[in-house]
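Below you'll find the structure, written out as structure tokens, and then a few comments.
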Protein chains: 2
Amino acid sequence: MEPDIKIILREILLGFWKVHILHHAAEGPVVGQWMLQELRRHGYEVSPGTMYPLLQRMERNGWLRSEVNPEGGPRARKSYYLTQRGHEVLEFLRERVEELWMEITNEAEH
Amino acid sequence: MEPDIKIILREILLGFWKVHILHHAAEGPVVGQWMLQELRRHGYEVSPGTMYPLLQRMERNGWLRSEVNPEGGPRARKSYYLTQRGHEVLEFLRERVEELWMEITNEAEH
DNA sequence: GACATTATTACGATAACCGACTACGATTGG
DNA sequence: CCAATCGTAGTCGGTTATCGTAATAATGTC
């Protein structure tokens with residue numbers, strides 16, 4: 001089991017913490033570094049090279065919008081907010097998570 | 001929202017139906033075509049070119065094992081069974097799904 | 001000036017998608 | 001009874017996009 005963790009993380013859990021991100025963005029602005037820590041807390045080891053392109057994609061998709069101090073230079077810290085569209089996506093995902101949860105906990109011991 | 005579905009599917013829901021597969025394999029042997037239908041029923045459009053390599057990877061990882069009629073030729077139908085290791089992986093995933101579910105439904109309106 | 005924080009980038013490896021294709025079996029029709 | 005057709009199941013090829021690692025750059029702080 002232990003050696004499978006990395007494979008599971010990449011193969012399956014990738015989408016899970018993306019939901020986390022949207023969820024957190026709904027509660028307040030999200031910053032890349034903070035999100036990396038938060039995910040580590042949950043056992044998801046995510047690298048910057050994965051996180052930042054992801055946040056950019058989500059912004060490109062219109063799920064997040066970012067604010068940045070224009071004086072801060074090209075690597076200034078960016079705060080991401082959930083957009084209206086992002087809220088709809090999150091709601092949709094909530095339903096999917098619930099559906100999955102219901103399905104796999106139905107342990108009727110066949 | 002509508003146009004986002006495809007993106008969501010690829011970006012986030014990919015892992016979800018992989019859990020579905022393991023779950024179904026725990027209940028009984030799983031066949032590619034049947035699984036494709038089952039996922040369509042849940043709204044996940046997956047192409048054969050995605051499904052079959054995935055099943056092969058899962059077998060390679062030791063989560064599934066396949067049985068096939070040796071007389072059936074190179075494209076004979078394969079039945080996939082969940083291995084002991086697959087059970088452990090599934091159990092691990094159950095916990096992760098629960099954790100995610102708990103987290104995102106905790107709507108304490110901050 | 002040294003150090004911490006934060007984000008960006010490059011690049012190799014792998015996965016995902018689409019669609020066309022192959023192989024076998026069952027059914028139908030002359 | 002043979003042959004053509006259709007349905008089912010899985011494979012393959014080529015392109016695109018994502019992930020991971022690690023190095024890098026810019027700004028703020030002591």
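Here is how names work: the chains are called A, B, and so on, in the same order as the sequence lines, proteins then strands, and each is numbered from 1.
Nucleic acid contact for A:Val46: none, since no nucleic acid atom lies under 4.0 Å from a heavy atom of the residue. At a threshold of 4.0 angstrom between heavy atoms, the contacts of A:Glu71 with the nucleic acid are absent. Within the nucleic acid shown, A:Pro74 comes within 4.0 Å of sugar-phosphate atoms alone, with no base atom in reach, counting heavy atoms only. At a threshold of 4.0 angstrom between heavy atoms, the contacts of A:Gly49 include nucleobase atoms, whether or not backbone atoms are also involved.
Annotation: of the two residues near DNA chain D, B:Thr50 and B:Trp34, the 5′-most nearest-nucleotide partner is B:Trp34. Nearest-nucleotide assignment on DNA chain D puts the 5′-proximal partner with A:Glu45, out of A:Ala76 and A:Glu45. Each of B:Met51 and A:Ser79 has a nearest nucleotide on DNA chain C; the 5'-most of these lies closest to A:Ser79. Toward the 5' end of DNA chain C, the nearer of the two residues B:Ser47 and B:Arg60, judged by each one's closest nucleotide, is B:Arg60.
In terms of modelled atom types and a separation under 3.5 Å, the side chain of B:Glu67 and the main chain of B:Tyr80 share no donor-acceptor contact.
Per the geometry, CG belonging to A:Leu36 stands 12 Å off P belonging to C:dT8, to the nearest Å. Rounded to an integer number of Å, the gap from CG of B:Leu55 to C1' of C:dA16 is 14 Å. One atom, CG of A:Leu54, and another, C1' of C:dT8, lie 15 Å apart when rounded to the nearest Å. The distance between atom CG of B:Asn69 and atom P of C:dC24, rounded to the nearest whole Å, is 11 Å. The distance between atom CE of A:Met58 and atom C1' of D:dA17, rounded to the nearest whole Å, is 15 Å. Between B:Leu39 atom CG and C:dA16 atom P the separation is 13 Å, expressed in whole Å. Across the protein-nucleic acid pair, A:Ile5 atom CD1 and D:dC19 atom P stand 19 Å apart, rounded to whole Å. Residue A:Leu9 contributes atom CG, which lies 16 Å from atom C1' of C:dA15 at whole-angstrom precision.
A distance of 7.0 Å separates CE of B:Met35 from NE2 of B:His20, quoted to the nearest 0.5 Å. The structure places CG of B:Leu54 at 4.5 Å from CD1 of B:Ile21, a figure rounded to the nearest 0.5 Å. With values rounded to the nearest 0.5 angstrom, B:Trp17 atom CH2 is found 8.5 Å from B:Leu36 atom CG.
Residue A:Arg77 has its side chain nearest to C:dT6 when only C:dT9, C:dT6, C:dT8 are considered. Across C:dA7, D:dT11, D:dC19, the shortest atom-to-atom separation from the side chain of B:Lys78 is found for D:dT11. Taking only side-chain atoms of A:Tyr52, from C-beta outward, the nucleotide of D:dT18, C:dA16, C:dT8 with the closest atom is C:dT8. When each of C:dA16, D:dT18, D:dT11 is scored by its nearest atom to the side-chain atoms of A:Arg10, the top-ranked nucleotide is D:dT18. For A:Lys18, whose side chain is taken as the heavy atoms from C-beta onward, the closest listed nucleotide among D:dT27, C:dC18, D:dT18 is D:dT18.
Under the 30°/60° scheme for interplanar angles, the aromatic rings of A:Trp34 and A:His24 are found to stand perpendicular.
Contact annotation: A:Gln33 does not reach the phosphate of C:dA4 (side-chain N/O to OP1 or OP2, under 4.0 Å). Between A:Lys6 and C:dT14, a side-chain N or O to OP1/OP2 separation shorter than 4.0 Å is absent. Considering only side-chain N and O atoms, B:Gln37 lies nowhere under 4.0 angstrom from the phosphate OP1 or OP2 of D:dT8.
Within 3.5 Å, a donor on the side chain of A:Arg75 pairs with an acceptor on the base of C:dA7, or the reverse.
Taking a cutoff of 4.0 Å between a charged side-chain nitrogen and a carboxylate oxygen, A:Glu11 and B:Arg57 qualify as a salt bridge.
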